[in-house]
Amino acid sequence: MSENSFDANGAKAHRHAGLDEALGRKIFLRHEPFLLDCGQALPHTRIAYETCGELNAARENAVLVVHALTGSAHASSCSGGSEQPGWWEGLIGPGKVLDPGRRFIICANLLGGCYGTTGPSQEGGETGLPDFAKFPVVTTRDMARAQKILLDHLGIEKLELAAGGSLGAMVVWELAVEYPGLAKNVVPIAGGPEASAWVIALNAAARRAILDDPEWKEGRYSGEGPRKGLELARMIAMISYRSPALFEGRFARDREDDGTERVFDSSNLFEVERYLRYQGWKLAGRFDARSYLCLAGAMDLHDIGRQRGGLEPALGRISAELLVVGISTDVLFPAREMKMSVKRLKAAGGKASYAELDSPYGHDAFLVECGRLNELLSGFLERRK
């Protein structure tokens, strides 16, 4: 399918991919209560995860990769349960920087998600979980703690690398602060140590789209629920995930019908509008609005300095060496913010370097520019041997 075409079977294909992912995932169920940042507790915690490769004898080759807002544990088809490409297929596989022949790669669905890990889309009743309309607020710190619970279950005391993009980058920042000795190397990509007002503003608009949908029903819905609201939320988000240059180069002012007869016909959509509508429709076919609100809310609350005396003291706790990766055209987490995080980390006594992806793809370049990311991560890990 070309970038500007829209296949009516797209949503069905995505749903099928989600089912295939489920075949390859593993489930860890922790029966002890999980005390959350907000003061509430989950009676038990279910974590869905996938792995590639094997731990070496020294148990020093483990890599944790953390997905973004609407991702899942299916980072690569190398996990063996599904032939469907994973969200970081370009980085994980034979001959790539995260080669399962050399490294043991773990990816877990984040707390609050809807791909197998405990989240607001699970029903209450016999599960012992809260009513999904009253699911507790979770933070990136909670997400990091859930990742650590899984690592403890797997018997992993040290990570060679923890890496993630966007929301995943926020979680690895938290891992680096909360567990200073856990990861030798940390690579946050397109996600900083705290959420900016810009990030919060975009999420607020997306959130309002869902909450104002008549089908929201305070989260007590079955079936598709607030599909239109979720579609609109995704459209808003996609504008921040791409760059103006990319939209201009791909769509310009093209319309479905560029003839003069339909110039004033509102049903004659601009191609960029058709693209955004398609992206919204596609996400609504595979994701749950309750999880979207939960995870986006965690992004808003992200602040590694909270309850730690501020940003600088929190950065001072980090013992891992960081490679912070920015993206030249990112409007969600601008490159200047990522550079500033390196400067502040060094000022706090930390070890960090900065690299930048020069890409027209905007924020989502970390999912697209895998060739360049392979080079960056390979060089970084080779220097750190």
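Numbers here simply count residues along the sequence, with the first being 1.
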Can you tell me how far apart [atom1] ([X]) and [atom2] ([Y]) are? Round to the nearest 0.5 Å.
X    : Y    : atom1 : atom2 : answer
K351 : L323 : NZ    : CG    : 14.0 Å
Y49  : I27  : OH    : CD1   : 8.5 Å
K184 : R384 : NZ    : CZ    : 5.5 Å
E231 : K282 : CD    : NZ    : 13.0 Å
L293 : F135 : CG    : CZ    : 12.5 Å
R250 : E271 : CZ    : CD    : 11.5 Å

Fit a plane to each ring of W216 and Y221, take the angle between them on a 0 to 90° scale, and name the class: parallel (under 30°), tilted (30 to 60°) or perpendicular (over 60°).
tilted

Indicate the ring-plane relationship of H67 and W87, choosing parallel, tilted or perpendicular according to the 30° and 60° boundaries.
perpendicular

Quick check: Y275 with F251 (ring centres under 6.0 Å apart)?
yes

Heavy-atom side-chain proximity of [X] to [Y] below 4.5 angstrom:
X    : Y    : value
Y292 : L283 : yes
K148 : L182 : yes
S243 : Y361 : no
P193 : L311 : yes
M143 : V138 : yes
T70  : R286 : yes

Just wondering, more than 12 heavy atoms not from E32 lying within 6.0 Å of its CD?
yes

Is it the case that over 12 heavy atoms from other parts of the model lie below 6.0 angstrom from the CG atom of N56?
yes

Is there any side chain to side chain donor-acceptor pair (under 3.5 Å) pair reaching into residues 335-346, and which pairs are they, with sequence neighbours excluded?
E312-R344

Less than 4.0 angstrom from a charged side-chain N to a carboxylate O is my criterion; do R308 and E174 meet it?
yes

Using a strict 4.0 Å threshold on nitrogen-to-oxygen distance, state whether R306 and D303 make a salt bridge.
no

Side-chain donor-acceptor pair present, [X], [Y], cut-off under 3.5 Å:
X    : Y    : value
D358 : S328 : yes
S77  : E89  : yes
R25  : S72  : no
N203 : D300 : yes
H302 : E194 : no

Which pair of non-hydrogen atoms, one from S166 and one from H363, has the smallest distance, and what is that distance?
OG-NE2, 2.8 Å

Do R242 and F247 meet the cation-pi criteria used here (NZ or CZ under 6.0 Å from the six-membered ring centre, within 45° of the axis)?
no

Only one of C78, S79, C52, S76 passes side-chain contact (heavy atoms from CB on, under 4.5 Å) with I105, and that residue is C52

Hey, quick one: are L357 and M340 part of the same hydrophobic cluster, counting side-chain heavy atoms closer than 4.5 Å, chains of contacts allowed?
no

Could you go step by step and tell me if D288 and S291 meet the side-chain hydrogen bond (donor to acceptor under 3.5 Å, both in side chains) rule?
CA-CA 5 Å; D288 186 84; S291 280; 4.7 Å; no

